[in-house]
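What you see below is based on every heavy atom in this structure, not just the backbone, and it leaves out hydrogens, waters and symmetry mates. Everything numeric in this text was worked out from a predicted model, so none of it was measured.
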Amino acid sequence: MDRGRKRAEAADHLPADKRPCGSSDFHPGTSSSEPPADCDMEQDPSTSGSDEDDDHGGYGSDDDPNYASRNAENRTRLEGIVPRLGDADFGAVLAVLTELCEVLSFCMEDTLSRPAMEGLVAALVRLAGTEAYPDVMLLSIRALTYLCDIMPRAVDVVVRHEAVPVLCGRLMVIEYLDVAEQCLQVLEKISKRQPVACLQAGVVMAVLNYVDFFSTTIKRVALTTVANVCKKLSVERSSSVMDAVPILCNFLQYDDDHKLIETAATCLIKITECFSKSPALLDELCKRGIINQCLKLVALDGRMTLGQSTYNGLIGLLTKLTANSMVAFKTLFELNIGGILRGVLLTMSDLSHSTSSNLFLEDGQPNQVYEIFNFLNQLIPPAARENDEVQLVLTKGNFLTEKPDFLYQFSRDILPVSVQVVNSGANLYVCYGCVSVINNIFYFSTSDILPDLIENTNISSFLAGLLARKDHHVLFMTLKIIETLMEKLPGVFSSSFVKEGVIYAIDALLNPKDGLVQDSSHPQSSNCQVTASDGSVCLCHAFMSRKAPSSEAKTCTLGKEAVFSLAKHIKFTHFISDSVDSEMALTEILQKLKTFCAILNDNVDRLSINDDFSQNEEHLARVLDQVMQELDGGEGMSTFEFIESGIIRSLVHYLTNGRYPFEGQCGRGMSNDFLIVLKRFQTFSYISLSKAGQSWKDMLLTLLVRKLQRALSSVDSFPVITSHNYKPRYFYTHIPVEKSTMNPCVKVSFMREEGEENLSEYNSVLSVELSTRLDIIEEFLWPKVCVKKNECHDAQGEPIEKGDALSRNNSDIDQPQEMNDNTVQEPQKAFSTILRDLTEHKYQLPLPEDASSKPKDLTTSVEGLAGGKISSSSPVSSIAKPKLIFSLAGKEIDHSANLYQAILQGLNSTELNITIGPKFWSEVYKVTYRRSIEHKIQDSQSSHCASQSSILEDEHGLFWQKLPSFSNLLPSELHCEMDNSSPLYDILFLLKVLERLNQFLFHIVSYERINGFAEGGVQNLDDLKVSVSPIPQIEFISSKLTDKLEQQMRDPLMLSIGSMPSWCGHLMAACPFLFTFEARRKYFRLTVFGSLRNQQNQIHHPHNGGIDSSNNRRSHPAMANRKKFKADRKNVLESAAKMMALHCRSKSVLEVEFNDEVGTGLGPSMEFYTLVSHEFQKIGLGMWREDPSSFSDQVHCDTTVANNGFVFAPFGLFPRPWSADASSSSKIQFSDVLKKFMLLGQIVAKSIRDGRILDLPFSRAFYKMMLEKELSMYDIQSFDPGLGKNLLEFQALVCRKKFLESSGGKLTFASEADLCFRNMKIEDLCLDFTLPGYSDYVLTSVNDSKMVNINNLETYVSLIVKATVGAGIAQQVKAFKSGFNEVFPLEALQIFTEDELELLLCGERETWNLSELLDHVKFDHGYTANSPPVISLLEIIQEFGCEQRRAFLQFVTGSPRLPLGGFAALNPKMTIVRKHCNNDVDMDLPSVMTCANYVKLPAYSSKEHMKERLLYAITEGQGSFHLS
């Protein structure tokens, strides 16, 4: 039975949004719910296209020729109805009212004239008061409702005729429920236009008086009416709403309707805001219970119930109450407000979500964390800031003094979380709010409780970090804290302030080297074209209870010398003695570290030819061991000591043999350098890695990484640049093409640089898109400024006519995005980059056969990713040298940057948070240009490097053995804008080295074990097996930098232009491990697939469920244009090839519909990719090592298990090796294999692009190959453990043979016994020079008949490695990459690890537990979580084996794997509903809607029956999509 039959029964019992995809009876508008985004419905032509008429009540628009006659007819009927409403016969009146309601439902706004409307309203108001005739009352009020709805101007007439008091009277004494409901409906219409009249008539209490008797829908209407009235509330009318406050508070407890809670909260927020200047009214509000109910919503549950703006409004409500009401102040402390706010802050999934650098969100609502700290600043006020606040502040201070327990508990809750918020990368406003709260806490705390408050907080380190800030408000507040601590606890902090660098920072403030302290409210931006604080509020006014006028909000009240004066006072009052002088007081650890650094630096680069080289290395090893032991010292090393000692740079100097920082040059002694570096890495590994019985947590390497992470957070200076109130709008642009666009644009004036005589003037102000690259601008400008016309040609020599640049750019824009503007940074691949300069690698991409355009090169460049945008560049832009050099504000612009990044490079601001305000858009940016001077490229250096490389290979024999394993340990440099002499650069470089070392732990330990076997330290080959515990990747993640990147990716301007500040791209390319997987996935989709403008709704509304669109497999299809493709279920692979030939380059999301099946959307598409995945795993394709048809060795074939015609690969799929001269094997053509690998690359790339899930179990080595990582002998064990183990053992024998030869000359009989392989001579193994398992793969053409012996064993091993992971799979890998690159550049994936790439491609493999299913599965339409059938189903799923779970998932979702994130990531949630059956329920089958993850489950009589029918459905019911 197919899936169509399984789904046929219960559709009629479901709402429209739950019906099957493609159902012909689905009509938009039949349900308030919308169909799933990926479910395409084929609408009947007779029902489509009518939406336009609906807006006019079915009468069309003014252009409709029948409109005037219809309107006139209705006007005539209404004028005839009005006199008849005065009839004394109420039976006749009832008929007239019925006709009136019918006519009004078809009227337009201009149907009634003013006099006619006056008469009609008067009659209706009169009839609404006839209590004896309820039907007349009902219809007259309904007619008023229609009238107010259709003709908004009629509201004024209704109010003038005193209708509001009449309606309120009907609500105060309810006799008829339907009449009361109709009164509420019309009052809601009236309150929108006449809120004051409603307020005066007592509407608020009238609509709330008996609100509990109404349905939820009518309750919503009543609360909406109150919210409308409260918009015009005044203090004078306080009595009108005060009695309503308890009723509104009760609505905050409604758990079953979030809309009611939201509206009630909005009403209370408006009431409190109106009364905020009246302490008496605020006290009255508190007495009516507003605080207790609001606090319940402010807690965690409220954050999940309310929208962000409403939630922020509730916090603002409490802030206003606290600022001006002592009753509120005392009540909040009695209710433990500190514990509540602590819980709110700690349970935020990501503090950076609410610590963006804008004070206000895009809709003008205050930032959430800012609101919380504004609230906290009112709870602990420092001093009166306004004259009328003096008495209230003194009263609050007295209360805290008299109630020290309240203050103590509040401080214990808030102090640690405030420190955490600052350390998480909070913006300037939030940071200042935190520091202000901490200062207030210390101010009110006594010397008795202060030590207990800071017991678990390293306050000295925290203050030292704050002193590194550049804003003078934060600095002044930090100094106030230091002064308070020194006064209240004299002598306690003197030593810790020295150790943590506080005194050093104070000295830096007193003796600034580069004017670090700036007034952020008056930025020095005269030569800066972006104003950091444009449109912002000075911190002096940011946390005031009563906001200053806008003219005063930007005026700083803090004196310019305030910071210097306070720092000087603290220095000479508390730190004047020699014992705490920063120049004299070096701690013991700091002195010791400086000594070690001096020794390392003096001896690190002594040449290897010196006689004392070995002794020097041993001496350095001892010093290194002492340095590493200091990390684990009992006293503890502070971050300041760690950075100030210079130990970071000394460690890098040691590991690089003094060649750091690299200048991109090859020294003459690089072969010796390599051997020294290799030896030092071994020494460093031995000292820092795990010893026996140690876990990764106890390794010195782990401690060093953590020290570096703290140091990175301390010196981090990457700015967060966000836009202030940016809203998309239309621009007219000249570059790249003249058109109207939604892409942000700025005005640019291009001017010839002074002194440039070879170019002509071009003084024009043009509108340029911010995302435009400099090479596009050059292409536009060059023909207009070049003097010699014969130079006006492109890189191919073709003349550039006027408008050519525009047309060319326009054609580029029309191309698929993945082939338009993407360059990818090549990660630092190998230590060989130290030996030679990296050249650009080009990958020629095959085009479809029908493509008429020339093929393009995907060119990798270091700068491509640096701008935070990966783009594919055309040969013109990638090969041609720049013709023009551009400068902005006196700074030369990097030619790889776009205009937005160029402007940011000219930003002269030292603060870490920069806001782009209105001035950014009004400014005309002056860009100067000059001619580029071409430099001839010298090839001697690269040839010298190549010769050095060959020396390594030939002389030392290390190339194939050591370089593949250890060449990646040391990067040549970090390609970023940072000064390579800065501590920040040193920290990042060493972190990168350590992260690579952590990746190669297995290789290093295996290499050391092999050397030990060679030298006799290890006797048994079985002892070569190693087990390592690398440091978890999470240890290398910088939470602070991740938060900053998340902030950048949420900014609407960044989302709009798809580009970010250059530091984001630089760090992502150089050190991707610093960011979480989630952040890198978002960055990947933003930079590779373009603007995330369509994702803003999800990002700005985190309560909606799916926060990360890339985590949501159905969000991407919903965001892009879609293309449908008909596939043949019987020929899936052929259909996939046809689909890729047509659409692989397309940016559109592909949706699959199978032939002769009606289902379309997500479900069939997911199943198609699953079926394609299975096709690639079939036996007989010649693609995979485990394919039995590929084995010429029958023994090997027999040991390989085929699973139902599919390749069985327990360690993952890896390409089968093919020899270079083989064109076929076992009737399999090698050309067909290459075509399949190319198709596989296309499918893999397209699935990633479209957010689909594949069911392909690739091996770890295959993922490593996809990430452009070099494979070696050590990687063979990951997919063929037997072969890999034997090769390592053979290599150990080779190393032992070399060691014996070097130590004793010729081999003796005794030593020959040591060279046996498990008590057998190599010759006795009868190995020939063919690849094991593939007798037709001859490893060498020389001496084909020669057998393997101990003398040629090294050659044999190297040839096997080359055939297995090198030349034998090179063409297959090349074909895969070629196909992949047609969709988007494969290099873009290099920011992920192998495990992450598997998650990205194949989703989750997770265990299913009951709690997770209950949390993420929805039960509806007859079922709850406690329904017996639901409990039985969950128990059955728990009992399923692996294959049964896969079948169940494919049955429900179309894929046998869960998306990344598991059940929580399914969108929509998996929903289980009751299936109503007409016949015997136990004979019916479950049915599903894969597009909606919707399971329709009959209520079986027993669990056994359910399991039987479910297993039958999921095993036999696969295969087609039909209606249900």
For the student: nearest non-hydrogen atoms of Ala1137 and Leu1239, plus distance: CA-CD1, 3.7 Å

Check whether Ser1378 reaches the backbone of Lys1374 with its side chain - one donor and one acceptor, N or O, closer than 3.5 Å. no

Judged by modelled atom types alone, do Thr1330 and Asp1328 share a side-chain donor-acceptor pair under 3.5 Å? yes

Is any NZ, NE, NH1 or NH2 atom of the basic residue among Lys1297 and Glu1354 found under 4.0 Å from an Asp or Glu carboxylate oxygen of the other? no

Whether the side chain of Asn1286 engages the backbone of Leu1283 through a donor-acceptor N/O pair (distance < 3.5 Å, no angle test) should be reported. no

Scanning both residues in full, the closest heavy-atom pair of Pro1217 with Ala1363 reads CB-O, 3.4 Å

Under 3.5 Å: donor-acceptor pair, side chain of Ser1219, backbone of Tyr1337: no

Quick one: do Thr1340 and Leu1359 satisfy side chain to side chain contact (heavy atoms under 4.5 Å, CB included)? Show the steps, please. CA-CA 8 Å; Thr1340 177; Leu1359 290 174; 4.1 Å; yes

Show every side chain to side chain donor-acceptor pair (under 3.5 Å) that has at least one partner inside residues 1229-1248, sequence neighbours left out. none

Verify, without hydrogens or angle tests, whether Asp1187 (side chain) and Gly1182 (backbone) share a donor-acceptor contact under 3.5 angstrom. yes

Is a side-chain donor or acceptor of Asn1381 paired with a backbone partner of Leu1386 at a separation under 3.5 angstrom? yes

Would Arg1129 pass as a cation-pi partner of Phe1154, given that its NZ or CZ must be under 6.0 Å from the six-membered ring centre and within 45 degrees of the axis? yes

I want to check something: taking the side chain as every heavy atom from C-beta on, are Thr1393 and Tyr1263 in contact at a cut-off of under 4.5 Å? no

Distance-minimising heavy-atom pair for Ser1006 and Val1026: OG-CG2, 3.4 Å

Looking at every non-hydrogen atom in both residues, tell me the closest pair between Ala1261 and Ser1278 and how far apart they are. CB-OG, 3.6 Å

Is there side-chain contact between Ile1360 and Phe1290, with at least one heavy-atom pair below 4.5 Å? no

Check for a donor-acceptor pair, side chain of Gln1177 on one end and backbone N or O of Ser1173 on the other, with a separation under 3.5 Å. yes

Quick one: CG on Leu1133 to CG on Leu1181, what's the gap to the nearest 0.5 Å? 7.5 Å

Under 3.5 Å: donor-acceptor pair, side chain of Arg1185, backbone of Thr1364: no

Test item: Glu1394 and Met1266 side chains (from C-beta on) under 4.5 Å apart, heavy atoms: no

Minimum side-chain heavy-atom gap Leu1400-Leu1389 below 4.5 Å: yes

Kindly indicate, with the supporting measurements, whether the criterion side chain to side chain contact (heavy atoms under 4.5 Å, CB included) is fulfilled by Leu1353 and Phe1317. CA-CA 11 Å; Leu1353 181 60; Phe1317 179 79; over 6 Å; no

What is the distance from atom CD of Glu1175 to atom CG of Asn1131, rounded to the nearest 0.5 Å? 8.5 Å

Taking Arg1216's backbone N and O only, do any of them form a donor-acceptor pair with Gln1372's side chain (distance below 3.5 Å, no angle check)? yes

Thinking salt bridges, do Asp1395 and Arg1260 make one under a 4.0 Å N-O criterion? yes

Step-by-step side chain to side chain contact (heavy atoms under 4.5 Å, CB included) determination, Cys1402 to Phe1258: CA-CA 10 Å; Cys1402 300; Phe1258 290 133; 5.6 Å; no

How long is the span from the CG atom in Leu1315 to the CG atom in Leu1293, to the nearest 0.5 Å? 6.5 Å

Taking atom CD1 of Ile1243 and atom CE of Met1238, what is their separation to the nearest 0.5 Å? 12.0 Å

When Trp1184 is tested against each of Trp1218, Phe1237, Phe1211, Phe1176 for ring-ring contact (aromatic ring centres under 6.0 Å, His included), which residue passes? Phe1237

With side chains defined as the heavy atoms from C-beta onward, is the minimum distance between Val1338 and Phe1329 less than 4.5 Å? no

Residues Glu1151 and Lys1124 bridged, charged N to O under 4.0 Å: no

Can Glu1396 and Arg1081 be counted as an ion pair, charged N to O under 4.0 angstrom? no

Considering all heavy atoms, the nearest Ile1253-Tyr1169 contact: O-CB, 3.9 Å

Centres of the Tyr1007 and Phe1000 rings: under 6.0 Å? no

Tell me whether the count of non-hydrogen atoms from other residues, nucleotides or ligands lying under 6.0 Å of CG in Asp1022 goes above 12. yes

Between CZ of Arg1457 and CE of Met1166, what distance do you get to the nearest 0.5 Å? 11.0 Å

Lys1025 atom NZ: more than 12 heavy-atom contacts under 6.0 Å: no

Does any non-hydrogen side-chain atom of Arg1252 lie less than 4.5 Å from one of Ser1165? yes

Answer yes or no: is there a side-chain heavy-atom contact under 4.5 Å between Phe1168 and Val1132? yes

Side chains of Met1273 and Leu1288: does their closest heavy-atom pair fall under 4.5 Å? yes

Could you go through Asp1255 and Arg1446, starting from their C-alpha distance and side-chain angles, then the distance that decides it, and tell me whether this counts as salt bridge (Lys or Arg N to Asp or Glu O under 4.0 Å)? CA-CA 10 Å; Asp1255 189 28; Arg1446 284 170 51 85; 2.4 Å; yes

Can you tell me which residue pairs pass the salt bridge (Lys or Arg N to Asp or Glu O under 4.0 Å) test with a partner in residues 1282-1292, sequence neighbours excluded? Lys1285-Glu1289, Glu1289-Arg1318

Do any N or O atoms from the side chain of Asn1349 and from the backbone of Asn1351 form a donor-acceptor pair under 3.5 angstrom? yes

Between the CZ atom in Phe1214 and the CD1 atom in Ile1276, the distance rounded to the nearest 0.5 Å is 8.0 Å

For a quick test of reading the model, state the closest non-hydrogen atom pair linking Leu1213 to Phe1262 and the distance between them. O-CB, 3.8 Å

Going through the checks in order, is the side chain to side chain contact (heavy atoms under 4.5 Å, CB included) test met by Leu1150 and Met1140? CA-CA 10 Å; Leu1150 298 181; Met1140 290 297 104; 4.1 Å; yes

